[in-house]
Number of protein chains: 2
Amino acid sequence: MRIGELSERTGTPRRLLRYYEEQGLIAAGRSPNGYREYDERFVDRVAQIRGLLDAGLPTRIIKQILPCLDKPRIIHFPDATPEMLATLELERDRLTERIECLTRNRDAMAEYLEAVRGDNRPDTARTPGDRDGRAGAV
Amino acid sequence: MRIGELSERTGTPRRLLRYYEEQGLIAAGRSPNGYREYDERFVDRVAQIRGLLDAGLPTRIIKQILPCLDKPRIIHFPDATPEMLATLELERDRLTERIECLTRNRDAMAEYLEAVRGDNRPDTARTPGDRDGRAGAV
DNA sequence: TCGAACCCTCACATCGATGTGAGGGTCAAC
DNA sequence: GTTGACCCTCACATCGATGTGAGGGTTCGA
């Protein structure tokens, strides 16, 4: 498929598909006329890139760890340089931290919403399972 | 405390503390000489702002939902305008999605790392609990 | 053979979060 | 009273991810 179709199927502007290629995240083939040529695998790949980008990883890092993540069913050990493993470990921990942080905030929001909806006494109220009274998250 | 101390205690550049104020996320008092004046509460507040920022929310949104999250022990229902609740609900769902996405990616990394470390046969291998053979995440 | 709908490569613009520095006050300690 | 460590307000720079458009090929159907 060409860039237009991939763009539509992934909901990603053409501009960005070219950008990801420029950053070394994807390597599209070219047909004789110079058009980029993609196969099915790119649909998932682009989705994954966007996921990681959205997770806050910069393209620089994504480029490093993507080879470890995108093998469809086989893990190629030769791919794993020590640097890559270190990066991967570090990013895994970063992600874990971030996930915890997000979860705390999400729960604080959910808690607030529940409190507002569930118990609408006139002015103020405590949240349901409010041990120390702090719904706030970090 | 003044901006320097808050900066140090939150690990946040002065510049950003001023920026957050400019964006309406925090409202510092002023001492007679014009210096910003902060109390203890700002330490948590700034941490929370950074957490949300890091979660990918823009200051615009943070400004909206922060009032729902930062009450130390009391939830003030009057704060909850319908728009705010809608935003909050939307962002909560967004966060949930994002958390799932991050978790998938984190698990894919962890899985890969485990596979690389646990079982180092010469060339290729399958990941441990590899049902469909896809370690990839989106 | 013409036009619409693709594609290409630059290359500059924008946006939000930050960095950096100039120009200038405040204040405590020496 | 001067120095050093604070603080202030601009205001321009940077950075990564994106938007946008100019200038120009390719393909295909009317």
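Each chain gets a letter, A, B and so on, in the order its sequence line appears, and its residues count up from 1.
For A:Arg36, no side-chain nitrogen or oxygen approaches OP1 or OP2 of C:dC7 to under 4.0 Å. Under 4.0 angstrom from either OP1 or OP2 of D:dT18 there lies no side-chain N or O belonging to A:Tyr19.
Less than 4.0 Å separates DNA chain D from at least one heavy atom of each of the following residues of residues 56-64 of chain A: A:Pro58, A:Thr59.
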Would B:Arg45 and B:Glu21 satisfy salt bridge (Lys or Arg N to Asp or Glu O under 4.0 Å), going step by step from the backbone distance to the final call?
CA-CA 12 Å; B:Arg45 178 105 177 200; B:Glu21 178 174 336; over 6 Å; no
Salt bridge (Lys or Arg N to Asp or Glu O under 4.0 Å) between B:Glu97 and A:Arg106, worked out:
CA-CA 11 Å; B:Glu97 263 180 52; A:Arg106 195 263 319 264; over 6 Å; no
Where do B:Glu5 and B:Arg2 land on the salt bridge (Lys or Arg N to Asp or Glu O under 4.0 Å) test, with the steps shown first?
CA-CA 6 Å; B:Glu5 188 181 341; B:Arg2 286 173 311 183; over 6 Å; no
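Shown here are the side-chain contact (heavy atoms from CB on, under 4.5 Å) partners of A:Glu8, two or more places apart in sequence or in another chain: there are none. B:Arg18 is linked by a salt bridge (Lys or Arg N to Asp or Glu O under 4.0 Å) to nothing, counting only residues two or more places apart in sequence or in another chain.
Rounded to an integer number of Å, the gap from B:Gln23 CD to C:dC15 P is 13 Å. Atom CD1 in A:Ile3 sits roughly 12 Å away from atom C1' in C:dT9 (whole-Å rounding). At whole-Å resolution of the value, CD in A:Glu5 and C1' in C:dC6 are 13 Å apart. Distance A:Arg30 CZ to D:dT26 P: 14 Å, rounded to the nearest Å. Atoms CD1 (A:Ile49) and P (D:dG16) sit 17 Å apart, rounded to a whole Å. The interatomic distance linking A:Glu21 (CD) with D:dT18 (P) rounds to 16 Å, in whole Å. Remark: C1' of D:dC10 and CZ of B:Arg14 are 18 Å apart, rounded to the nearest angstrom. Nucleotide C:dT18 holds its C1' atom 14 Å from the CG atom of B:Asp54, rounded to whole Å.
Using a cut-off of 4.0 Å between Lys/Arg side-chain N and Asp/Glu carboxylate O, B:Glu40 and B:Arg9 are scored as salt-bridged.
Cluster membership for B:Tyr19 and B:Leu25, using ILVMFWY side-chain heavy atoms within less than 4.5 angstrom, is shared. Cluster annotation: A:Tyr35 is not connected to A:Leu6 through the hydrophobic network of ILVMFWY side chains, with a link wherever side-chain heavy atoms come within less than 4.5 Å. In terms of hydrophobic clustering, with Ile, Leu, Val, Met, Phe, Trp and Tyr side chains grouped at heavy-atom distances under 4.5 Å, B:Val43 and B:Tyr20 are assigned to a common cluster.
Heavy-atom minimum distance, B:Ala27 versus B:Phe42: O-CZ, 3.5 Å.
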Solution key, residues 52-63 of chain B side-chain donor-acceptor pairs under 3.5 Å, sequence neighbours excluded:
| from | atom 1 | to | atom 2 | distance (Å) |
| --- | --- | --- | --- | --- |
| B:Asp54 | OD1 | A:Arg98 | NH1 | 3.3 |
| B:Asp54 | OD2 | A:Arg98 | NH1 | 3.3 |

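Across D:dC7, C:dC7, C:dC8, the shortest atom-to-atom separation from the side chain of A:Arg18 is found for C:dC8. Among C:dT18, D:dC7, D:dT18, the nucleotide with an atom closest to any side-chain atom of B:Arg50 is C:dT18.
Rounding to the nearest 0.5 Å gives a distance of 13.0 Å between OG of A:Ser7 and CZ of A:Arg15.
An end-to-end axis angle of 10° holds for the helix from C:dT1-D:dA30 to C:dC30-D:dG1, taken from five base pairs per end and rounded to 10°.
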Protein proximity profile, nucleotides 19-30 of chain C - base contact B, sugar-phosphate-only contact S, no contact -, cut-off 4.0 Å on heavy atoms:
BB----BBS---
